Amino acid sequence: MKYFVFTLGCKVNTYESTAIATTLEEKGYVFDENNPDVVVINTCSVTHVADQKSRQHIRKFRKLYPNAVLVVMGCFAQSNKDYAEKELDIDILLGTSKRHLIPIFIEQFLKSKNRIVAVEDDPRTFFDYEELNVTSCSENIRAYLKVQDGCDNFCSYCLVPYIRGKSRSRNIYVCIEEAKQLVKKGYKEIVVSGIHVGYYGKDNGSSFSSLISALSDVKDLYRLRISSVELSEIDDEFLSLLKNKNNIAKHLHLPLQSGSNNILKKMGRHYSREQFIKRVNEIKEVIPDIALTTDVIVGFPGESEADFLDTYNLLKELGFYRLHVFPYSVRKGTKAASLPDQITPDVKAERVKRLLDLSKELQNEYEKRFIGTSLDVLFEKYDGQFNIGHTSNYIEVRQKNDVPEIGNVKNILIESSNIVKN
C-alpha cells in the first residue's frame, strides 16, 4: 500500500502528520505522492482562512486521487464535523483524537467500503494524552518533539480549547526517550512543541522547566529550541537553564497578541502591557543578545487607533526580532465573535501592513548588531549555491559554497545583514 500525507497549520500538526507517516510505514506502507492508495490530510482551523484552505485541499486531493482512501483529520475536521460529513467526499473522518487508529480504520474501510466517522463530540472530555511517536522527520536536521496537547486558557478569540480539549502532558520519560532516538537518527536540533507548551506538567506533577532541563541533558543533542511559550510561564529556573545550557537556543517566541491593556482584557489574556514589558526586560538582563519573536493580532473588536499604537510602540520599545502578524478572524462560538465594534477589513489590512513594515525594520536592526561577529551556524539545507542554516538566536545565515554542508556546524563571520558573503 502506498500513502501520502499532506499537512496544513502549525508545528504540532507537522509532528502529528509525521507520526501518522511513521505509523503507516511500520505497517508496511510506502510513501508515494504520485499514485497513493491512501491520502491523509491533516487540517487546520485557527482562522476562517485556514478553514477555507482545508476545504479547498480536501476537494483538491479528492479530485487528484479519486480512487484513493481519503482520510481527513485535525482541527478543521473536529470543528466542522457536520459540514465535512455532509458536504465533502471523505472516506474516513477523524478529529483531534483516535489518530493512532488510522491503520485500523483504513482496513475497516477497505473491507466494508462504508464511510467511517470517528469525531468525538466534545474534546473537552479528553483526559489522556494521545501517544503518537516519531522516529524520523521530513527535514534533514531539525525534528519536532510534541510534549503537550490542549489548552486551558480560553482566550476570547480562540477555538483551540474547544477543538483540542484541556491541557494534557506527555510522560516526561517518553519525551526523553523519543528525543534520544531522534538524536541517534542524526537530528541535530529538536524543537519542543505543543498547543500550550509552557503549561507542561501542570497535570502530571512535573514542570516545563524540569522537562527542558531533562531534554537539554540528552547526550549529543546539539540544539534544543522551544517553539512558543507564554511569558507568564517563564520562571527563574527556566531562565537559569537558558543562560547556562549552551545547547538551549537563545531564542524565545513569546505571544503578545496586543500591547493595549484595553484589548488584552477583552481578549482574556492574563497579563498587562506593564507586566509584559517588565518580564521581557528581565529576560534581556539575563541573556542580552537573545532573539525574541512574537505573535500579534490586529483589528480585534473595539481596537482604536490608540490601542493599535500601544501595540506598535511596545513592539518597537522591546526590540523584537520578528513579528508574526494576523488580522483578527471571527470564529463562531467564541466570546469575541459577538463583541460590538468589529473592525473593517480595510482598517485591519492597513494595520497589518504597518506592523509588517515594522517587523522588517526590527529584523534589520537586530541582525546589524551581529555584523563583524562570528556565530556558530547549523546548516540545514543547500540550494545548489548557498548553504543555509540558523544560529542559536535564530538568525538565518546563507554561505556561498560549492559543497553542501548539511548537518555541519561552522563558525561564520557575519559580514552583512541576513546574508554571509564569502
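Here the structure is a predicted model, which means the values were calculated and not measured. Residue indices begin at 1 and follow the sequence shown.
Taken to the nearest 0.5 Å, the CZ atom of Arg273 stands 7.5 Å off from the CG atom of Asn313.
Glu361 has a carboxylate O that lies under 4.0 Å from a charged side-chain N of Lys316, or vice versa, which qualifies the two as a salt bridge. Of the charged side-chain nitrogens involved, at least one lies within less than 4.0 Å of a carboxylate oxygen, so that Arg351 and Glu305 count as a salt-bridged pair. The existence of a salt bridge linking Arg62 and Asp91 is confirmed by a sub-4.0 Å separation between a basic side-chain nitrogen and an acidic carboxylate oxygen. Using a 4.0 Å cut-off between charged side-chain N and carboxylate O, Glu85 and Arg115 make no salt bridge. Between Lys278 and Glu282, at least one side-chain N (NZ, or NE/NH1/NH2) sits under 4.0 Å from a carboxylate O, which counts as a salt bridge.
When the shell of 6.0 Å around NZ of Lys335 is examined, it contains 12 or fewer heavy atoms from other residues, nucleotides or ligands. Residue Phe105 places its CZ atom among more than 12 non-hydrogen atoms of other residues, nucleotides or ligands, all under 6.0 Å distant. Heavy atoms of other residues, nucleotides or ligands lying less than 6.0 angstrom from NZ of Lys250 number more than 12.
Each of Lys146, Arg164, Arg168, Arg99 was scored for a salt bridge (Lys or Arg N to Asp or Glu O under 4.0 Å) with Glu130, with one residue passing: Arg99. Partner of Gln148 under the side-chain hydrogen bond (donor to acceptor under 3.5 Å, both in side chains) criterion, chosen from Ser167, Ser193, Ser169: Ser167. Tested against Lys166, the residues Asp149, Asp152, Thr125 include a single side chain to side chain contact (heavy atoms under 4.5 Å, CB included) partner, Asp152.
Ser206 places no side-chain N or O within donor-acceptor distance of the main-chain N or O of Gly201, the cut-off being under 3.5 Å.
The aromatic rings of Phe31 and Tyr3 lie perpendicular to each other, with more than 60° between the two planes, well past the 30° mark.
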**Message:** Assess the residue pair Glu350 and Thr344 against the criterion (side-chain contact (heavy atoms from CB on, under 4.5 Å)); give the C-alpha distance rounded to whole Å, side-chain angles, the decisive distance to 0.1 Å, and a yes or no.
**Reply:** CA-CA 10 Å; Glu350 188 266 343; Thr344 60; over 6 Å; no
